[in-house]
Protein chains: 2
Amino acid sequence: MRTTYCGLVSEALMDQTVTLMGWAHRRRDHGGVIFIDLRDREGMVQIVCDPDRAETFAVAEGIRNEFCLKVEGRVRARPAGTENTNLTSGKVEVLCHSLEVLNPSVTPPFQLDEENLSETTRLTHRVLDLRRPAMQRNMKLRYRVAMEIRKFLDANGFIDIETPMLTRSTPEGARDYLVPSRVHAGQFFALPQSPQLFKQLLMVAGFDRYYQIVKCFRDEDLRADRQPEFTQIDIETSFLTEEEIRAMFEEMIRSTFQHAIGVELPAFPVMKWADAMRLYGSDKPDLRVKLELTELTDAMRDVDFKVFSGPAQSPTGRVVALRIPGGGEMTRGEIDGYTEFVKIYGAKGLAWIKVNDVAKGREGLQSPIVKNLHDAAIAEILQRSGASDGDLLFFGADKATVVNDAMGALRVKVGHSEFGRARGLMQGEWEPLWVVDFPMFEHDEAAGRWNAVHHPFTSPKDGHEDWLESDPGRCIAKAYDMVLNGIELGGGSVRIHREDVQSKVFRALKIDAEEAKAKFGFLLDALQYGAPPHGGIAIGLDRFVMLMTGAESLRDVIAFPKTQRAQDLLTNAPNAVDEKQLRELHIRLRNTQAAA
Amino acid sequence: MRTTYCGLVSEALMDQTVTLMGWAHRRRDHGGVIFIDLRDREGMVQIVCDPDRAETFAVAEGIRNEFCLKVEGRVRARPAGTENTNLTSGKVEVLCHSLEVLNPSVTPPFQLDEENLSETTRLTHRVLDLRRPAMQRNMKLRYRVAMEIRKFLDANGFIDIETPMLTRSTPEGARDYLVPSRVHAGQFFALPQSPQLFKQLLMVAGFDRYYQIVKCFRDEDLRADRQPEFTQIDIETSFLTEEEIRAMFEEMIRSTFQHAIGVELPAFPVMKWADAMRLYGSDKPDLRVKLELTELTDAMRDVDFKVFSGPAQSPTGRVVALRIPGGGEMTRGEIDGYTEFVKIYGAKGLAWIKVNDVAKGREGLQSPIVKNLHDAAIAEILQRSGASDGDLLFFGADKATVVNDAMGALRVKVGHSEFGRARGLMQGEWEPLWVVDFPMFEHDEAAGRWNAVHHPFTSPKDGHEDWLESDPGRCIAKAYDMVLNGIELGGGSVRIHREDVQSKVFRALKIDAEEAKAKFGFLLDALQYGAPPHGGIAIGLDRFVMLMTGAESLRDVIAFPKTQRAQDLLTNAPNAVDEKQLRELHIRLRNTQAAA
């Protein structure tokens with residue numbers, strides 16, 4: 001029926017007759033002629049309806065925004081001076097020969113090019129919201145990304161194998177979504193938080209290279225960058241080393257950027273977790289920000305200033321400086337703003353020094369704190385941070401976790417600020433990296449136990465198996481995170497393929513043999529039958545696409561997202577269901593008034 | 001680490017050194033030499049361990065079935081006379097230089113080439129079951145099929161857009177799987193039975209061409225060819241006619257057969273639903289079976305034989321014959337067997353006539369029923385059925401629905417029987433067709449109402465809108481089913497794109513305005529904003545692959561299927577969950593003893 005898309009009409013079709021289908025984006029009457037911007041998923045083209053053709057003109061007069069139209073006409077050049085260089089079709093227009101209304105439209109609740117619509121309006125009228133060119137672009141790019149990933153994986157011998165959606169509940173980590181069983185009274189399926197164990201089982205089954213682009217579920221309170229159902233690029237391979245796995249998936253991401261948006265990513269630097277924490281206070285540093293933390297803990301032990309010496313003397317404390325080149329210009333108001341900012345992360349305050357004249361030493365510094373620091377400490381601060389005249393130094397001194405969170409966030413905040421951009425503290429468009437050599441476990445002070453940093457199926461480095469029970473804090477994992485512009489795109493690890501090592505990890509996590517058998521018996525069992533060495537990665541597709549499109553919310557890259565209260569405003573889900581349905585599932589509501 | 005797959009080692013690698021990873025499928029000691037069949041997902045190769053290399057030989061002596069191994073060695077020709085023509089690697093073997101056990105295996109509960117394992121054994125030990133070459137082949141073919149479909153759709157401008165898994169429950173058709181909401185007490189999500197409404201909304205949103213290979217869910221009692229979660233190839237397009245849609249998806253299936261298994265399907269004949277029912281008693285006839293029903297209803301109205309004249313005189317009755325060429329040979333025992341068979345479909349018996357000598361008329365017939373048929377009736381039977389000497393005629397006479405079910409099934413049963421195959425009543429390997437022009441509605445006698453044959457969003461033929469309320473039984477739908485070898489691969493329709501027509505259909509189905517607004521308000525709303533003409537298809541991937549592989553059960557083409565009691569025997573799901581989880585979801589069990 002259609003000869004081409006509206007958005008693809010160009011000079012190449014000059015003088016040809018085309019048939020187009022699309023929506024009236026805008027209608028203008030100008031000098032007795034009617035102009036319609038006809039829109040489809042590929043873009044827009046200008047349709048000209050001349051009063052010479054009375055029948056067509058009469059139809060055109062009845063056209064309103066969002067009518068669905070069929071247009072036949074001839075492509076011709078736009079009059080000189082009326083070209084629109086923003087459009088593929090901007091040099092041409094279509095002189096309409098025949099115009100048919102395929103379906104009229106009532107007046108839309110908002111104009112498609114209206115900005116600053118509320119989230120509620122957009123999600124309630126999602127179908128119209130999705131007609132907006134930006135949303136069309138986002139969904140098309142999302143598809144292109146997924147398809148490029150599929151092509152790369154196909155070419156590398158990976159096969160897509162579907163894992164179940166109705167699985168077993170293993171309540172740790174995030175909260176499961178549950179599905180009551182009708183056939184087995186009192187029992188429940190869980191929706192998968194990830195296909196982790198199934199993909200490992202597929203490796204044990206000998207499929208060698210697996211992938212899936214798959215929905216996963218977490219019933220958690222939502223933040224701006226979380227959705228109850230999200231899409232994971234889930235990959236696993238056998239017989240590759242940690243380095244080989246990373247090289248392959250780095251290549252996958254580079255190839256996807258190249259083919260989907262024409263961007264050549266730089267090679268991914270590889271950074272140890274310990275170095276990332278030391279230099280950036282973060283395990284996902286934004287390397288576009290050209291600021292680093294300066295380690296001062298050892299140099300502050302004997303200063304009078306208790307705010308510094310306290311944490312410096314504590315085994316779990318840390319003291320750092322963050323040098324802001326040119327930051328001496330900052331006003332007191334700006335500094336106060338950053339002081340409030342770091343409090344979000346638990347910091348009690350934000351000490352600072354303005355470096356007016358390095359050569360003058362103490363006299364060249366402006367700060368409420370220098371009087372409490374002895375000369376040697378000041379010399380260390382200036383020397384280690386490499387401070388120059390006109391710089392500002394911020395300080396963090398607290399428990400190491402607080403210092404890392406607060407100063408890591410402050411580093412990014414300053415870098416992304418108008419000041420930071422103007423001063424060149426933020427450079428480069430795309431800065432990927434690998435963070436590697438994560439610790440296996442982190443200690444939960446409150447619970448007095450060790451938790452897995454990644455998940456309990458992550459392999460320790462060779463030789464570290466021996467410390468699993470004797471010294472868990474010393475064990476480094478064969479785990480790696482892929483980071484881009486300060487966002488964790490994904491993470492993975494080499495997995496444990498030996499049953500004895502897996503059992504040791506369960507013991508280190510205080511999961512006793514009985515519990516391990518009940519929950520993970522099928523995995524322990526499978527590992528006994530010649531399980532191959534294997535590992536993989538999982539990448540969040542939603543966040544990946546959000547990053548590529550520059551969208552501000554996950555909801556701009558998901559066709560039918562949930563609100564922050566986990567609702568679908570379009571279909572009005574969740575909703576009350578019939579009592580009969582509940583009876584069949586052997587459940588009842590706790591508060592029956594809540595039922596419809 | 002690996003230079004190639006075991007299954008791909010061939011003469012092309014002669015004299016080269018290869019590194020292989022795989023599993024010991026079998027170990028044989030022969031003449032002081034150890035032979036290991038090393039298996040990976042691509043197949044097997046023979047490894048030869050010579051006592052000359054003492055270290056390697058010692059390792060080889062410890063190898064048992066299913067050990068995971070790394071082998072390095074040189075490819076050489078097998079000694080003359082020991083080639084295995086069934087294997088790609090059958091002309092060569094690998095002389096082992098180095099052998100490493102990557103992971104040993106305990107003794108498997110069964111041999112991988114054991115046949116007739118119980119379903120329970122296979123599903124409980126699914127990881128080992130999936131190592132079987134047949135399962136590896138099935139999963140790889142499944143992937144290839146899905147990928148070929150993606151490639152075809154990509155080339156035709158379709159884009160994959162994900163629709164939600166947590167959706168609104170609309171309890172009609174099959175039973176929904178429900179997911180209790182934690183945030184909204186007393187409310188539930190439902191897992192989708194199909195993305196039908198979302199894909200229509202995507203068309204209204206202007207995405208033009210959509211597809212998804214997506215999990216769908218139905219909580220029904222399971223038959224051999226049903227699973228609680230199944231995979232649908234779900235497609236929708238705007239602006240195409242019924243014929244254009246069919247042509248496109250016929251091409252998709254032909255292209256998939258060609259690229260996935262090298263089969264050129266014949267062009268799909270297009271058959272009206274009424275003709276399919278008349279000729280085959282089925283809306284999914286197996287055209288490999290070269291038998292047709294003969295219509296006799298009008299010719300049997302005045303016979304003495306009440307079994308025929310009763311249904312022939314009833315407005316809802318039907319009388320047909322099924323001619324079996326050469327069926328005169330059938331024994332009384334065989335005929336009795338078929339009589340039992342048709343009873344499954346509600347038939348009360350199975351009348352028959354053996355045609356010994358057509359020329360002799362009544363005298364040439366052998367049958368318990370001819371005495372009750374007058375000469376003209378007998379002449380009609382012989383003439384219309386085209387009976388020849390040696391043929392057998394079976395008769396169905398009952399309500400039309402019973403006749404169609406019973407005689408349609410009998411036609412297939414006889415065709416597929418040993419007799420049918422020997423007599424050439426079953427021909428051709430792949431016989432696809434389109435069945436079109438389905439009725440919009442079928443009458444539910446018991447409930448005294450009309451039900452949608454496809455679903456309530458199916459468009460009537462042009463002009464049939466007017467009968468929607470006045471004469472629903474007369475309305476023909478723009479619906480089409482794709483049938484292959486008697487199996488319904490998929491079905492689809494042109495959808496209703498006008499709000500007024502959609503509302504009329506709801507009224508015809510006795511869904512009043514209030515109910516329609518509550519359940520489908522978002523669709524009716526969307527249709528008002530210039531919804532484009534659109535339509536699509538949904539194809540069951542599991543069944544499609546089952547047909548292509550010749551597998552006997554859906555469970556042979558799904559990696560981790562459920563049993564007929566909707567259980568996962570591998571992970572033991574569903575299972576009991578913590579009381580805390582239920583409390584968070586605002587539900588309790590009806591029978592608390594059932595809780596763990």
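First the proteins, then the strands, lettered A, B, ... as listed; each starts at 1. Because only heavy atoms are used, hydrogens play no part in the values below, and waters and symmetry mates are left out as well, while side chains stay in.
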What part of [X] gets within 4.5 angstrom of chain B, counting heavy atoms only: side chain, backbone, both, or neither?
| X | result |
| --- | --- |
| L585(A) | side chain |
| Y210(A) | neither |
| H184(A) | side chain |
| D129(A) | neither |
| E584(A) | side chain |
| E499(A) | neither |
| F198(A) | both |

Determine the minimum heavy-atom distance between A559(B) and E162(A), stating which atoms define it.
CB-O, 4.0 Å
So which atom in E229(A) and which in M165(B) form the shortest heavy-atom distance, rounded to 0.1 Å?
OE1-N, 2.8 Å
Measure from the side-chain N and O atoms of [X] to the backbone N and O of [Y], and report whether any donor-acceptor pair falls under 3.5 Å.
| X | Y | answer |
| --- | --- | --- |
| Q187(A) | V577(B) | no |
| K215(B) | V214(A) | no |
| Q528(A) | P104(B) | no |
| R41(A) | G206(B) | no |

From [X] atom [atom1] to [Y] atom [atom2], the distance as rounded to the nearest 0.5 Å:
| X | Y | atom1 | atom2 | answer |
| --- | --- | --- | --- | --- |
| M1(B) | F239(A) | CE | CZ | 8.0 Å |
| R588(B) | R590(A) | CZ | CZ | 4.5 Å |
| M21(B) | S238(A) | CE | OG | 10.0 Å |
| T571(A) | L197(B) | OG1 | CG | 9.5 Å |

Charged N-O contact under 4.0 Å between D160(B) and R144(A):
no
Exercise: do N103(B) and Y529(A) side chains pair donor with acceptor under 3.5 Å:
no
Can a side-chain donor-acceptor contact be found between D154(A) and Y143(B) if the only test is distance below 3.5 angstrom?
yes
Residue among T107(B), L240(B), V204(B), L523(B) with most heavy-atom pairs under 4.5 Å to chain A:
V204(B)
Largest heavy-atom contact set with chain A, pairs under 4.5 Å, which of E66(B), Q567(B), K140(B), M139(B)
Q567(B)
